[in-house]
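Let me begin by presenting the structure, written as structure tokens, before commenting on it.
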Amino acid sequence: MPVHDQPKAMPARRKLPIGIQTLRDIRDGGYYYVDKTPQVARLADSGKYYFLSRPRRFGKSLLIDTIAEAFAGQRALFEGGQAAVALGVDPAVANRPRLFLADHWDWGRRHPVVRLSFAEGRLSEPDALLAHIHDQLSTNAARLGVVIPEPPTDPHIRFGHLITRAAEAHGQQAVVLVDEYDKPILDNLEAPEVARAMREGLRNLYSVIKGRDADVRFAMLTGVSKFSKVSIFSGLNNLYDLTLDPAYGALCGYTEEDLDTVFAPEFEAAAAEGQPLDRSEVRRWYNGYAWGPTAVYNPFDVLLLLRMREFRAHWFETGTPTFLVQWLKQRGFFTPRLEQLWASEALLSAFDVEQIAPEALLWQTGYLTIRGVEQYGRVAEYILAVPNLEVRAALNEALLQAWHPQPQASPRRALYRALASADAQALRAHFERLFASIPHDWYRANPIAQYEGYFASVCYSHLASLGVEIIAEDVSNEGQCDLTVKHAGTAWVFEFKVVDGDQGTGEALRQLQAKDYAAKHRGAPGVERVIEVGVEFSRSKRQIVGWDVRVG
């Protein structure tokens, strides 16, 4: 066989780094690693104080560990092949890609690294936070070989001594890294007094970093939330916020190129073993997070998908806070807004114990992402939407269960069949059963029922939980309808109205027809039929009283 006709050898597979957050374990253990060190080099060269907000399980802890190892001068971790062996790496594990930083770092300069982490466990009272901080300060002092005052000296005094003594003892400025800086606050949002106490304790601690400027070479704080600067960062106002910097939009998360290159062996192996993973489905399920021009995947989702070869809500199932679901429920959040809402940068940063905007909470925790930005003079407005199918389906299912005390009364199988068969009357019967199964006592006790948007929200969340294509507030030339659902060749165009009486008025369908919201879908690719549905709910009967349909 000619050489050019020989099949290419499949690249060597590596282990999937599920749950591994240390660079040493990944590099020495034969795991896949997506090289983020070009951005690390740029960060170190261009600034000194940084803050980064990303949702949970997006690789923040691994990023912090990578930065720590670089500043500590652990060059061997960044080398591969014979260069790694020459630095003492076991030849059995040295056959690994060489990282960018190997040739783009001053390895002759080693900095003492001070590391604090609040990622593990849950601290539910101020004394526990105090003990946790003292323990970490003592551990850092012992590792760096310096002596600092013992408790009960205030933590911020001990922290300041730690930074200064480390710099003096090692003859180089210190590097200060704080992982999940905000977790003690977020874990206690349901108890505002405790959350405020946690915030004050952390603010006192973090203010030390600015006061030791002469002793600090580099500092980074990472977390989920962007607490307003007047609350937790009032004493540390020189942090540069990387969160929306387009140059660092892919600093955490996997890009499409990463899946094409780093993880190509896994996709090839899945196909060879009769379990191919459709890349368009992978994209639809897990891609779509954006903090810059490049959309990224949640790393946890990608790794679990490659391990299990099963599409499911891997990230959502690992700890979506009940607080979030209950918080949205209690505030009567109109769930169709999840498909598109607008927010200023100031609103996205308006997050504190006393003031939490829904847009800020949903965006910072990863349940909304940036779909676009529009500039009005000096003011930028961001368009937010759910990032992908996983979040849309799983979050709406959780919300539906919170709203509906008997979700088992309305099996989703019947709903799916009604959509698949384009049976408008079966769909009406399904929703009538859904609302009829809610006890009247529940309406009286639950404030969500006071909101007119409750009925539309339940319908939207019920449909969105199926994973079908949803367009909420579908914009057309004539305005926007409330909801469009596309499935099995049918575009369902809905308009919802709430009426005071117990009879339908036909107004919802008349508005659909007058504005001709469905025009954009007629003859569109993949659309075989359009069904317009005007739905009217009776506030007094708590039931559908009008269901007017036009097919065409």
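One-based numbering along the sequence shown. For the numbers below, each heavy atom of this structure counts, side chains included, while hydrogens, waters and symmetry mates do not.
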Let me check something: any side-chain donor-acceptor pairs from residues 545-552 under 3.5 Å, sequence neighbours excluded? List them with distances.
from, atom 1, to, atom 2, distance (Å)
Trp547, NE1, Ala424, O, 3.3

With no hydrogens and no angle check, is any side-chain donor or acceptor of Lys60 less than 3.5 Å from a backbone partner on Pro55? yes

How far apart are the closest heavy atoms of Phe537 and Ala456, and which atoms are they? CE1-N, 4.4 Å

Determine whether the aromatic ring centres of residues Phe455 and Phe435 are separated by less than 6.0 angstrom. yes

Residues Arg196 and Glu200 bridged, charged N to O under 4.0 Å: no

Does a donor on one side chain sit under 3.5 Å from an acceptor on the other, for Glu536 and Thr505? yes

For the rings on Tyr297 and Tyr254, is their centre-to-centre separation under 6.0 Å? no

Are the aromatic ring centres of Phe51 and Tyr181 under 6.0 angstrom apart? yes

Could you tell me which non-hydrogen atom of Val468 sits nearest to which non-hydrogen atom of Leu463, and how far apart they are? CG2-O, 3.6 Å

Side-chain atoms of residues 372-386: list all donor-acceptor pairs with protein atoms under 3.5 Å, sequence neighbours left out, distances to 0.1 Å.
from, atom 1, to, atom 2, distance (Å)
Glu374, OE1, Tyr376, OH, 2.6
Gln375, NE2, Gly377, O, 3.4

Looking only at non-hydrogen atoms, find the nearest pair between Val353 and Pro192 and report the distance. CG1-O, 3.8 Å

Within the 4.5 Å heavy-atom criterion, are Leu43 and Leu251 side-chain neighbours or not? yes

Would you say Asp423 and Ser421 are linked by a side-chain donor-acceptor pair, where the criterion is simply a distance under 3.5 Å? no

Between the main-chain N or O of Val40 and the side-chain N or O of Thr37, is there a donor-acceptor pair closer than 3.5 Å? no

Less than 4.5 Å apart, any side-chain heavy atom of Leu338 and any of Asn396? yes

Does the ring of Trp291 carry Arg54 above it, NZ/CZ under 6.0 angstrom from centre and within 45° of its axis? yes

List in chain and number order the residues that pass side chain to side chain donor-acceptor pair (under 3.5 Å) with Lys486, two or more places apart in sequence or in another chain; answer none if no residue qualifies. none

Got a donor-acceptor contact below 3.5 angstrom from the Arg309 side chain to the Leu304 backbone? no

Check for a donor-acceptor pair, side chain of Arg57 on one end and backbone N or O of Thr318 on the other, with a separation under 3.5 Å. no

Determine the minimum heavy-atom distance between Phe118 and Leu123, stating which atoms define it. CD2-CD1, 4.4 Å

Do side-chain atoms of Lys36 reach the backbone of Ala250 as a donor and acceptor pair under 3.5 angstrom? yes

Just checking, any donor-acceptor pair under 3.5 angstrom between side chains of Thr335 and Ser461? yes

Hey, is the main chain of Gln21 close enough, under 3.5 Å, to the side chain of Ser61 for a donor-acceptor pair? no

Just checking, is any N or O donor in the side chain of Lys497 or Gln511 under 3.5 Å from an acceptor N or O on the other one? yes

The complete set of side chain to side chain donor-acceptor pair (under 3.5 Å) pairs with one or both residues in residues 185-194, sequence neighbours excluded, reads Lys183-Asp187

Is it true that Lys515 and Glu495 have a side-chain N and a carboxylate O under 4.0 angstrom from each other? no

For Glu257, is the CD atom crowded, meaning more than 12 foreign heavy atoms sit under 6.0 Å from it? no

Check whether the ring centres of Tyr240 and Tyr49 lie less than 6.0 Å apart, and answer yes or no. no

Sub-4.5 Å side-chain heavy-atom contact between Tyr32 and Leu303: no

For Thr255, is there any backbone N or O sitting under 3.5 Å from a side-chain donor or acceptor partner on Asp258? yes

Partners of Arg392 by side chain to side chain donor-acceptor pair (under 3.5 Å), sequence neighbours excluded? Glu339

Quick test of your reading of the model: are Arg337 and Glu359 salt-bridged, counting only N-O distances below 4.0 Å? yes

Is any side-chain heavy atom of Phe333 closer than 4.5 Å to one of Leu399? no

Atom of Asp241, atom of Thr243 and distance for their closest heavy-atom approach: OD1-OG1, 2.6 Å

For the residue pair Phe494 and Tyr460, is the inter-centroid distance of their aromatic rings smaller than 6.0 Å? no

Just checking, any donor-acceptor pair under 3.5 angstrom between side chains of Tyr517 and Glu532? no

How long is the straight-line distance from OH of Tyr286 back to CG of Asn388, given to the nearest 0.5 Å? 9.0 Å

Show the nearest heavy-atom pair for residues Gly366 and Val391, with the distance to one decimal. O-CG2, 4.3 Å

How about Asp482 and Pro336: do any of their side-chain heavy atoms sit closer than 4.5 Å? no

Taken in chain and number order and not counting sequence neighbours, the residues that satisfy side-chain contact (heavy atoms from CB on, under 4.5 Å) with Ser117 are Ala119, Gln136, Asp179

Both conditions, 6.0 Å and 45 degrees, for the charged tip of Arg279 above the ring of Phe267: are they met here? yes

Mind checking whether Tyr367 and Trp315 have ring centres under 6.0 Å apart? yes

Please check if the side chain of Ser538 supplies one atom and the backbone of Gly501 the other of a donor-acceptor pair under 3.5 Å. yes

Indicate yes or no: at least one non-hydrogen side-chain atom of Tyr289 is less than 4.5 angstrom from one of Ile370. no

